[in-house]
Number of protein chains: 2
Amino acid sequence: MRILIVEDEPTLGQQLKSTLEQNGYAVDLSTDGEDGHFLGSTEEYDAVILDLGLPEIDGLTVLGMWRKEGRKFPVLVLTARDSWSDKVAGLDAGADDYLAKPFQTEELIARLRALIRRASGNTSSELTAGDVRLDTRSGRVTLKGEPVKLTAQEYKLLSYLMHHKGKVVSRTELIEHIYDQDFDRDSNTIEVFVTRIRKKLGAEVITTIRGLGYSLDDPADQPRA
Amino acid sequence: MRILIVEDEPTLGQQLKSTLEQNGYAVDLSTDGEDGHFLGSTEEYDAVILDLGLPEIDGLTVLGMWRKEGRKFPVLVLTARDSWSDKVAGLDAGADDYLAKPFQTEELIARLRALIRRASGNTSSELTAGDVRLDTRSGRVTLKGEPVKLTAQEYKLLSYLMHHKGKVVSRTELIEHIYDQDFDRDSNTIEVFVTRIRKKLGAEVITTIRGLGYSLDDPADQPRA
DNA sequence: CCTCGACGATCAGGATACGCATAAATGTCC
DNA sequence: GGACATTTATGCGTATCCTGATCGTCGAGG
């Protein structure tokens, strides 16, 4: 999953970035409103963390612009103080959740996870497809109850597919969502990891749709396939 | 485990701090409400000891603010006298336990231990994983019944992992919970202690999840692995 | 029905970052 | 001041990731 952080204070921003990366997210960091707005408008993110107290352009303005442009990613708003008016304004402008500074990183992670989960239409933190089960809280994957060891990239790829079960996901979409900004787009890493995952979880979990991409289907959703 | 003490009387506060440290806790001490509130909001604590009779901001107010902000750590409230009304108000405001001054440090420790245990979802004061058993009351660790000598830091690290059995714990999370406020975040002490613990208890007790952190698994939870 | 082209799957080698282990330096407590 | 615990520093080994090449397969058109 790929996250955008818009935070003017460099120390906090950098710290957030590395914390999130340690939790398996691909993270882009922007330190001003204009650049942040541009990134959010051009790149693909699964969630955005937005500080309201930005220099130059206000965070609320940026959020408003995104929504007007039709960007739908969930936005978690950070605000300097527990100011009630900011909260109302934020939610009005289209924020999906709200966290007052200062905050604990663990809570931020928990909320972010919940936002991404809800945005993809899932209600539980446990995603299942056939015999495969993925727990987004503990970061564990099991096959028929047996724990399976996945590497970081394998996990990211599988996680994205499971969050979009049934949808056909193109290779470029996968690259955009599991790598951050600077990454060589034409490479066959995706294929390599799909192969690896199939080896560990069984070939049938990921279906190839020639010319379009991949799709992860839950047999339970299709009585006969 | 990391504790925050908010106590205006310096003598008592300092004394509590060193007692708790002797019992294997990492302790931050704050002598006024405002600073205490800030610490509780920004740092990661496994429990908080809060004196109600504070100058400037009242202890109850601080507690109320924390709960409103969504802070979930267990709070043990200290009050000057055995005043019934204070107790009711404290529990109302979200306190988890209550102790009247003067008190025996033994009792404080015992209650603290119980609070932390309950907060992590454990019911017994004895935590086990495979052949390893950790008694939070005596601070003793045994391997297949044989007592094992652990140093203070080794114990803290193991204890935190055993309180969160099965969860993937990142290195920063470990640092935040076994060291107090001022500590150099980028150092490799965690790795060193993990190595030491593995040497004493066997390499299999702590699993490494590359790029994410460590995890302590109980073989009993996974029928066959 | 066969052939060819395009796309995807697979494999193996090399680069790299990550975690491990050890030793040396520093700190702390009797 | 000595013993022990803790932290820092450093080299090593290896899992993981990426690259590029080759092999396999699907499907359209002849």
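Order of the sequence lines fixes the chain letters, A, B, ..., with proteins taken first and strands second; residue numbering starts at 1 for each chain. Keep in mind that the numbers below use all heavy atoms, side chains included, and drop hydrogens, waters and symmetry copies.
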### Task
Would you please name every residue forming a ring pair (Phe, Tyr, Trp, His ring centres under 6.0 Å) with B/Tyr155, sequence neighbours left out?
none
### Task
List in chain and number order the residues that pass ring pair (Phe, Tyr, Trp, His ring centres under 6.0 Å) with B/Tyr160, two or more places apart in sequence or in another chain; answer none if no residue qualifies.
B/His164, B/His177
### Query
In chain order, what residues pass the side-chain hydrogen bond (donor to acceptor under 3.5 Å, both in side chains) check against A/Glu69, with sequence neighbours excluded?
A/His37, A/Ser41
### Summary
Footprint ends on DNA chain C, 5' to 3', for atoms under 4.0 angstrom from a heavy atom of chain B, come out as C/dC18 to C/dT22
### Task
Tell me whether the OP1 or OP2 atom of D/dT6 has a side-chain N or O from B/Thr189 closer than 4.0 Å.
no
### Task
Not counting sequence neighbours, list each pair that qualifies as a salt bridge (Lys or Arg N to Asp or Glu O under 4.0 Å) and has a residue in residues 108-123 of chain A.
A/Asp97-A/Arg111, A/Glu107-A/Arg111
### Message
Please enumerate all residues that pass ring pair (Phe, Tyr, Trp, His ring centres under 6.0 Å) together with B/Tyr179, with sequence neighbours excluded.
### Response
B/Phe183
### Query
Under the side-chain hydrogen bond (donor to acceptor under 3.5 Å, both in side chains) test, which residues partner B/Glu34, sequence neighbours left out?
none
### Summary
Scoring nucleotides 22-28 of chain D by protein non-hydrogen atoms under 4.0 Å (B base, S sugar-phosphate only, - none) yields --BBB--
#### Entry: Nucleic acid contacts of residues 148-159 of chain B, taken as heavy-atom distances under 4.0 Å to DNA chain D
B/Thr151, B/Ala152, B/Gln153
### Summary
From CG of B/Leu212 across to P of D/dC17 the rounded distance in Å is 10 Å
Check: residues 137-147 of chain B side-chain donor-acceptor pairs under 3.5 Å, at least two apart:
{"from": "B/Ser138", "atom 1": "OG", "to": "B/Asp135", "atom 2": "OD2", "distance (Å)": "3.3"}
{"from": "B/Ser138", "atom 1": "OG", "to": "B/Arg140", "atom 2": "N", "distance (Å)": "3.4"}

### Message
Five pairs per end, C1' atoms only: what is the angle between the end axes of the helix from C/dC1-D/dG30 to C/dC30-D/dG1, to 10 degrees?
### Response
30°
### Query
Taking DNA chain C as the partner, which of residues 193-202 of chain A come within under 4.0 angstrom of it by heavy atom?
A/Thr195, A/Arg198, A/Lys199
### Task
Write down the distance between OH (A/Tyr179) and C1' (D/dT19), rounded to a whole number of angstrom.
12 Å
